[in-house]
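Below is one structure, written out as structure tokens; comments come after it.
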2 protein chains.
Amino acid sequence: MARNKDMNQKIKDERREQILSKALMFYAKKGLSATKITDIASALSISQGLIYHYYRSKEEIFTELIGTAFERMNEACRWLESQPMTAKEKIAFAIQELLKLLEKDEDAARYHLLIAQAAASEAIPGEAKAIIEKENTFSYEVIARIITDGQKDGSFKNYDAKELALVFWTSINGLAIYKAVHGEKFKAPDAAILTSMFFQE
Amino acid sequence: MARNKDMNQKIKDERREQILSKALMFYAKKGLSATKITDIASALSISQGLIYHYYRSKEEIFTELIGTAFERMNEACRWLESQPMTAKEKIAFAIQELLKLLEKDEDAARYHLLIAQAAASEAIPGEAKAIIEKENTFSYEVIARIITDGQKDGSFKNYDAKELALVFWTSINGLAIYKAVHGEKFKAPDAAILTSMFFQE
DNA sequence: AATTACATTGAATGAAGTTTCAACCAATTA
DNA sequence: TAATTGGTTGAAACTTCATTCAATGTAATT
């Protein structure tokens with residue numbers, strides 16, 4: 001035998017991680033089709049060939065990222081829903097955290113942008129599209145449920161809960177995309193502006 | 001001489017119009033780089049060659065569309081600002097019209113989406129980028145001015161006017177993008193949800 | 001009917017990327 | 001130190017498109 005297994009596994013895991021992270025950066029910025037394999041490879045100072053040692057194609061990387069994005073998003077939603085907070089606290093907390101996330105330029109923010117970008121484009125792999133169609137509704141449903149709860153105790157406005165959930169997520173997505181363009185210069189707005197759409201005064 | 005000039009001019013104008021309109025559709029849906037010249041050509045049942053009779057390149061079409069998009073958008077903003085309405089009426093009107101626009105799937109809606117898409121991507125021609133950077137602030141400024149007016153007469157909430165304008169446009173963009181994905185199924189939310197971010201109760 | 005001015009076609013060209021693959025290298029174990 | 005395993009390279013083969021261009025079609029004018 002040669003190098004021990006753990007060592008190799010570690011190298012492998014790290015490379016995969018590097019590739020995913022850089023790819024995420026480019027996909028979020030330029031979209032799938034405008035991102036070249038060489039963008040990713042040269043940003044990591046590795047050969048293009050190596051990327052194909054880890055992934056079959058550009059699209060496979062993309063699809064894996066979309067999968068992870070929804071896993072994290074949905075996990076966060078499940079977590080939020082299960083917290084011992086009032087509906088009002090949950091929504092206020094979610095908006096605050098999401099805005100905070102957008103200000104930092106980290107993977108978490110890019111995942112969010114990736115979803116927004118991917119959702120906006122028809123030019124994505126079929127598998128990724130399927131994931132989006134399957135998973136995208138969950139976060140909308142969670143927010144709608146929380147809002148419905150809040151309407152029962154009178155702390156939320158009485159617009160249609162689904163419409164409110166729609167506006168919740170599309171507003172966040174709109175901000176994510178704005179941030180993608182203006183990058184550094186972006187400063188998140190006061191969370192209270194957004195919460196005022198939902199809360200009874 | 002051959003065909004009369006007017007006739008030729010008419011054919012030319014019509015073709016240009018057709019090409020622009022189809023290109024707008026594809027760019028809005030898939031982005032610049034994922035849109036092939038053959039997508040446009042075959043959707044119009046013309047040869048690829050013919051497109052090059054009218055435009056130098058993919059990018060030229062894109063850039064012209066971006067220019068037109070901002071012309072229209074900015075013209076609408078100028079118009080809005082000059083109307084004899086209160087600030088509150090202006091914002092309410094703008095939101096209503098924008099939401100109405102989104103429900104119809106027409107060029108006007110696609111222009112809006114094009115800007116959102118283009119703004120979100122770094123993979124666009126330098127000239128188009130320049131237009132975006134130059135023109136994109138205007139609509140934000142107009143809305144910010146109207147909001148500032150509304151704050152003076154006490155009908156608007158007192159958050160930072162620039163932040164409110166930011167949320168105004170990013171919320172609309174977020175909805176535009178959502179609509180792009182879900183197309184038919186999209187139903188615009190109650191305009192009052194959005195206005196409640198701005199108006200004093 | 002012949003001429004002319006353009007619109008239009010589609011095959012050829014070339015550039016830009018993606019993907020494959022044979023050879024190379026680095027580290028561990030025997 | 002030799003053998004081995006598997007990560008890594010980069011040039012070559014392939015694909016996919018964008019773009020060009022020589023040839024063709026067409027309708028008005030003479």
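Computation of the quantities below employed the complete heavy-atom set of this structure, encompassing side-chain atoms and omitting hydrogens, waters and symmetry-equivalent molecules. To find a chain, count down the sequence lines: A is the first, B the second, and so on, and within it residues start at 1.
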Separation between NZ (K179(A)) and CG (L175(A)), nearest 0.5 Å, reads 11.0 Å

Note the angle between the end axes of the helix from dA1(C)-dT30(D) to dA30(C)-dT1(D), five pairs defining each, rounded to 10 degrees. 10°

For DNA chain D, what residues of residues 37-65 of chain A have any heavy atom nearer than 4.0 Å? I46(A), S47(A), G49(A), L50(A), H53(A), Y54(A)

Looking across every strand, which nucleic acid part, if any, lies under 4.0 Å from S33(A) by heavy atom: base, sugar-phosphate, or nothing? nothing

Contacts to DNA chain C from residues 18-28 of chain A, heavy-atom cutoff under 4.0 Å, which residues? none

Separation of dA28(D) P from K10(B) NZ (nearest whole Å): 11 Å

Who are the side chain to side chain donor-acceptor pair (under 3.5 Å) partners of S42(A), not counting sequence neighbours? none

Spacing between E14(B) atom CD and dA7(C) atom P, to the nearest angstrom: 13 Å

Check ring pair (Phe, Tyr, Trp, His ring centres under 6.0 Å) between F199(B) and all other residues, then give those that pass, not counting sequence neighbours. F156(B)

Can you check the D13(B) CG to dC6(C) C1' distance for me, whole Å? 15 Å

Pairing residues for D149(A) by the salt bridge (charged side-chain N to carboxylate O under 4.0 Å, His left out) criterion, not counting sequence neighbours: none

Sorted by chain and residue number, the salt bridge (charged side-chain N to carboxylate O under 4.0 Å, His left out) partners of R72(B) (sequence neighbours excluded) come out as none

For K162(B), check salt bridge (charged side-chain N to carboxylate O under 4.0 Å, His left out) against everything at least two apart and list the hits. none

Between CG of N8(B) and C1' of dA28(D) the distance, given in whole Å, is 9 Å

Pair listing, side chain to side chain donor-acceptor pair (under 3.5 Å) test, anchored in residues 187-200 of chain B, at least two apart: K157(A)-S196(B), E163(A)-K187(B)

Restricting to pairs with a member in residues 22-33 of chain B, which pass side chain to side chain donor-acceptor pair (under 3.5 Å), not counting sequence neighbours? S33(A)-S33(B), K30(B)-D39(B)

Output every pair passing ring-ring contact (aromatic ring centres under 6.0 Å, His included) with a member in residues 68-114 of chain B, not counting sequence neighbours, ordered by first then second residue. W79(B)-F93(B)

Scan for side chain to side chain donor-acceptor pair (under 3.5 Å) pairs involving residues 118-142 of chain A, sequence neighbours excluded, and state none if there are none. N74(A)-E135(A)

